[in-house]
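Side chains included, hydrogens not; waters and symmetry mates left out as well; all remaining heavy atoms used. Everything numeric here is computed off the predicted structure, so don't read it as measured data. First the proteins, then the strands, lettered A, B, ... as listed; each starts at 1.
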Amino acid sequence: MDKITAIRGFKDILPGETEKWAFVEEKAREIFANFGIREIKLPILEKTELFTRGIGETTDIVEKEMYTFRDRGNEYLTLRPEATASVIRAYLEHNMHESEPLTKLFTIGPMFRRERPQKGRFRQFHQINVEIIGQKDPRVDAELMLMLVQFLSAVGLSHLKLEINSLGCPRCRPAFRKTVISFLRGKENGLCPDCRRRLKTNPLRIFDCKVETCREIISSAPVILDFLCDECREHFEKVKEYLTIFGISFEINTKMVRGLDYYTQTAFEVITESPGAQNAVAGGGRYDGLSKELGGEDFPGIGFAIGFERLVSMIPMKKEDFVKHPRLFIAALGEDAQKFAFTLTNKLRMAGIRTEMDLSDKSLKSQMRRSNKLECPYTLIVGQKEIEENKAELRNMEEGTQETVELDNIIERIQLRIRD
RNA sequence: GUGGGUGUAGCUCAGCUGGUUAGAGUGCCGGGUUGUGGCCCCGGAGGUCGGGGGUUCAAAUCCCCUCACUCACCCCA
């Protein structure tokens, strides 16, 4: 019989790694709370239409990456490839704007995209999403980025680069798009096959092509920022101004475009210098048209997504730093001592002290080795002799010293001695 | 979907141009005085050499197919 394995691009997150994940989540919850952002939990399965309408029919995600199937009721369902559409759906479904003019939400969970896995990219991956809905004020954009930067440095990341751009709006982007197309007319032969295709489907994407010849051609192309309408320009200027107030360093990257249709105006990314091609830890932007696209009123929104796996892989601390070692190991010899140790171990656990023992009746040496391996700072040694004399040996593993303790009120005695 | 790399012990890997019972380090188990860890020493368990087919007297090693993993492209977090 063949062993059954996890499916391609789906990963188990094992102990040692999960502690790191918990740490990241705790930090997120703590910092987001300071900024008034509340958690929303969303289904991971949605009607397919939510994504085809929200993300855009012609995007790669919708065209070839979604896990879509028909359920037993013949309804088309999709494992969510991203969270923003779901957040807006929930926002509209529960009329959240009625009770709160500015709604600030975060959610953490798995996303699914059927791509070829590689470093920093999986078919099931996790994101931390934050969405602020209801106001178009550039201060919202700025504080969102401020919070993102603070969070990333709180989990220990450094050498990060914040890149920002403005993508314009439905009023000013079309003109830019036209200009780019006519700029590229006659230069098609210099473009890579992908970009020639993009010229028809999504010409703005040519801006972030990595092929050298394309980069050369596009480097002299017109820049979106020169085409912004007054409102978009004003908004972008304010965003930059507020970022500067907070002392957040950023770079303007006019070549940054976003893959999903719903983005407008502010777009941003946090890039790392970690090796590998997938160097974006977080990305986001404003999506003022999305809510209308999903059949709601016209609510402005802005948000970002942090790639959980990418973030965790960059945390400088080692796995061991997150593991909670037992505080005490109980080594017991003989039947009476084992019985005593078993009840004591669990009583100590219930009293809040991480305690381990050995259940397989091994030699003292073997039990000591195990205590050492688990990095327990203390070991309580109980044998037949100790039971009879109503005492035990408490050994300090770091210093190699030990003392005799009475078994009466042993829990209190231990608590007193092994407190960190 | 396209291209490159790699599949040998739980883990990390060595096995050159094919040649006796497939190795190391680490981890695991046990021992080194009768009831005391780490360092050191000794012993032990553990492998369909990813799978299938072929060439050969002989294949972990050469050839073909297949699967998996991995890196990169596309795209994105």
Side-chain angles (χ1 to χ4, degrees), chain A residues 1-3 5-9 11 14 55 58-65 81-84 108-130 148 152 192-195 197-198 201-202 205 208-211 256-260 263 268-272 275-285 303-314 329 331-334 337 358 360 362-387 392-402:
Chain A
M1 284 267 275
D2 285 343
K3 251 194 253 181
T5 56
I7 56 191
R8 162 177 280 216
K11 300 283 176 214
L14 303 175
I55 300 172
T58 63
T59 56
D60 276 31
I61 291 180
V62 171
E63 275 182 350
K64 51 189 198 197
E65 294 174 0
E82 59 109 44
T84 304
I108 301 176
M111 309 295 156
F112 304 85
R113 304 218 283 239
R114 201 185 180 291
E115 302 175 275
R116 195 77 175 264
Q118 71 184 74
K119 195 175 191 62
R121 188 164 71 200
F122 312 99
R123 289 184 172 183
Q124 176 178 339
F125 61 101
H126 297 72
Q127 288 186 336
I128 302 174
N129 280 263
V130 175
L148 174 59
L152 293 174
C192 69
D194 282 322
C195 284
R197 178 177 51 80
R198 288 182 183 120
T201 57
N202 197 347
R205 288 230 66 99
D208 60 3
C209 182
K210 282 159 191 155
V211 176
M256 180 173 58
V257 291
R258 309 251 75 207
L260 313 184
Y263 284 111
F268 57 96
E269 247 168 51
V270 179
I271 310 293
T272 68
Q278 309 305 327
N279 62 348
V281 235
F304 63 72
I306 300 171
F308 215 119
E309 284 83 353
R310 290 182 189 178
L311 173 60
V312 166
S313 75
M314 290 179 340
F329 189 92
L333 289 165
D358 190 280
S360 54
K362 289 188 176 153
S363 69
L364 180 59
K365 178 187 204 137
S366 162
Q367 296 187 54
M368 294 297 288
R369 276 187 177 158
R370 184 159 165 71
S371 172
N372 187 62
K373 203 199 153 206
L374 292 172
E375 293 181 50
C376 304
Y378 292 91
T379 303
L380 189 73
I381 302 163
V382 215
Q384 191 58 37
K385 192 176 70 191
E386 283 80 4
I387 293 288
E393 295 291 313
L394 183 64
R395 183 171 179 84
N396 181 322
M397 299 296 279
E398 278 138 40
E399 289 168 21
T401 56
Q402 65 188 52

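- Distances shorter than 4.0 Å separate some side-chain N or O of Arg8(A) from OP1 or OP2 on rC69(B).
- Both distances falling under 3.5 Å, in either a Watson-Crick or a G-U wobble arrangement, place rC69(B) opposite rG5(B).
- Distance CG (Asn372(A)) to P (rG27(B)): 12 Å, rounded to an integer number of Å.
- Contacts of Ile381(A) with the nucleic acid, taken as non-hydrogen atoms under 4.0 Å apart, include base atoms.
- For Gln118(A), a side-chain nitrogen or oxygen approaches OP1 or OP2 of rA72(B) to under 4.0 Å.
- Ranked by how close their nearest RNA chain B nucleotide is to the 5' end, Ile61(A) and Arg395(A) are led by Arg395(A).
- Atom CZ of Phe308(A) is separated from atom CE of Met111(A) by 11.5 Å, given to the nearest 0.5 angstrom.
- Here the C1' atom of nucleotide rC76(B) and the CE atom of Met256(A) are 13 Å apart, to the nearest Å.
- Stacking is found between Phe125(A) and the pyrimidine-like six-membered ring of the rA77(B) base under the 5.5 Å centre-distance and 30° plane-angle cut-offs.
- Taking every side-chain heavy atom of Met368(A) into account, rG37(B) is the closest of rG37(B), rG1(B), rC71(B).
- Straight-line distance from the CD atom of Glu399(A) to the P atom of rG38(B): 18 Å, rounded to whole Å.
- Across the protein-nucleic acid pair, Gln384(A) atom CD and rG35(B) atom C1' stand 12 Å apart, rounded to whole Å.
- Note: Ile108(A) CD1 to Ile128(A) CD1 = 5.0 Å, rounded to the nearest 0.5 Å.
- Arg116(A) comes within contact range of at least one nucleobase, with a heavy-atom separation under 4.0 Å.
- Within the nucleic acid shown, Lys385(A) comes within 4.0 Å of at least one base atom, counting heavy atoms only.
- Going from the C1' atom of rC57(B) to that of rC41(B) covers 45 Å, rounded to whole Å.
- Between the P atom of rC71(B) and the CG atom of Asn279(A) lies a distance of 15 Å, rounded to the nearest Å.
- To the nearest 0.5 Å, atom CD of residue Glu82(A) and atom CD1 of residue Ile55(A) are 4.0 Å apart.
- Spacing between rC39(B) and rA22(B) at atom C1', rounded to whole Å, works out to 32 Å.
- Note on Glu375(A): nothing from the nucleic acid sits closer than 4.0 angstrom, heavy atoms only.
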Taking only distance into account, with no hydrogens and no angle test, what donor-acceptor pairs under 3.5 Å do side-chain atoms of residues 371-380 of chain A form with protein atoms, sequence neighbours excluded?
{"unit_1": "Ser371(A)", "atom_1": "OG", "unit_2": "Thr379(A)", "atom_2": "OG1", "d": "2.7"}

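- Straight-line distance from the CE atom of Met314(A) to the C1' atom of rA77(B): 11 Å, rounded to whole Å.
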Evaluate side-chain contact (heavy atoms from CB on, under 4.5 Å) for Glu65(A) paired with Arg123(A), printing each intermediate quantity in order.
CA-CA 9 Å; Glu65(A) 294 174 0; Arg123(A) 289 184 172 183; over 6 Å; no

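- Base pairing annotation: rC57(B) forms a Watson-Crick or G-U wobble pair with rG19(B), both donor-acceptor distances under 3.5 Å.
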Verdict with reasoning, Phe268(A) to Leu148(A), per side-chain contact (heavy atoms from CB on, under 4.5 Å)
CA-CA 11 Å; Phe268(A) 57 96; Leu148(A) 174 59; 3.8 Å; yes

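- Across all strands, Tyr378(A) comes closer than 4.0 Å to no nucleic acid atom at all (heavy-atom distances).
- Counting to the nearest Å, the C1' atom of rU36(B) and the CG atom of Leu364(A) are 5 Å from each other.
- Contact between Lys362(A) and Gln367(A) at its shortest, heavy atoms only, is O-NE2, 2.9 Å.
- At the heavy-atom level, Gly120(A) lies under 4.0 Å from base atoms of the strands shown.
- Searching all strands for a Watson-Crick or G-U wobble partner of rC75(B) with both distances below 3.5 Å returns nothing.
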What's touching nucleotides 30-34 of chain B from the protein side, N or O pairs under 3.5 Å?
{"unit_1": "rG31(B)", "atom_1": "O6", "unit_2": "Arg369(A)", "atom_2": "NH2", "d": "3.3"}
{"unit_1": "rG32(B)", "atom_1": "N7", "unit_2": "Lys365(A)", "atom_2": "NZ", "d": "2.9"}
{"unit_1": "rG32(B)", "atom_1": "O6", "unit_2": "Arg369(A)", "atom_2": "NH2", "d": "3.4"}

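- Toward the 5' end of RNA chain B, the nearer of the two residues Gly307(A) and Arg121(A), judged by each one's closest nucleotide, is Arg121(A).
- Remark: the Glu393(A) side chain and the rU36(B) base include no donor-acceptor N/O pair separated by less than 3.5 Å.
- Contact record, Ala280(A) with Arg310(A): O-NH1, 2.9 Å, taken as the closest heavy-atom pair.
- Using a 4.0 Å heavy-atom criterion, one finds that Gln367(A) contacts no nucleic acid atom at all.
- Side-chain atoms of Arg310(A) come within donor-acceptor range of the base of rC76(B), with a qualifying N/O pair under 3.5 Å.
- Close to rU70(B), at under 4.0 Å from its OP1 or OP2, lies a side-chain N or O of Lys11(A).
- Residue Gly334(A) is classed as having no contact, given no heavy-atom separation below 4.0 Å to the nucleic acid.
- Put simply, the side chain of Glu309(A) gets close to the backbone of His126(A): a donor and an acceptor are under 3.5 Å apart.
- You'll find that the side chain of Lys119(A) is closest to rA72(B), out of rG1(B), rG27(B), rA72(B).
- What separates CD of Glu115(A) from P of rC73(B) is a distance of 12 Å, to the nearest Å.
- Atom OG1 of Thr401(A) sits about 7.5 Å away from atom CZ of Arg395(A), to the nearest 0.5 Å.
- Residue-level contact check: Glu63(A) touches neither bases nor backbone, having no heavy atom under 4.0 Å from any strand.
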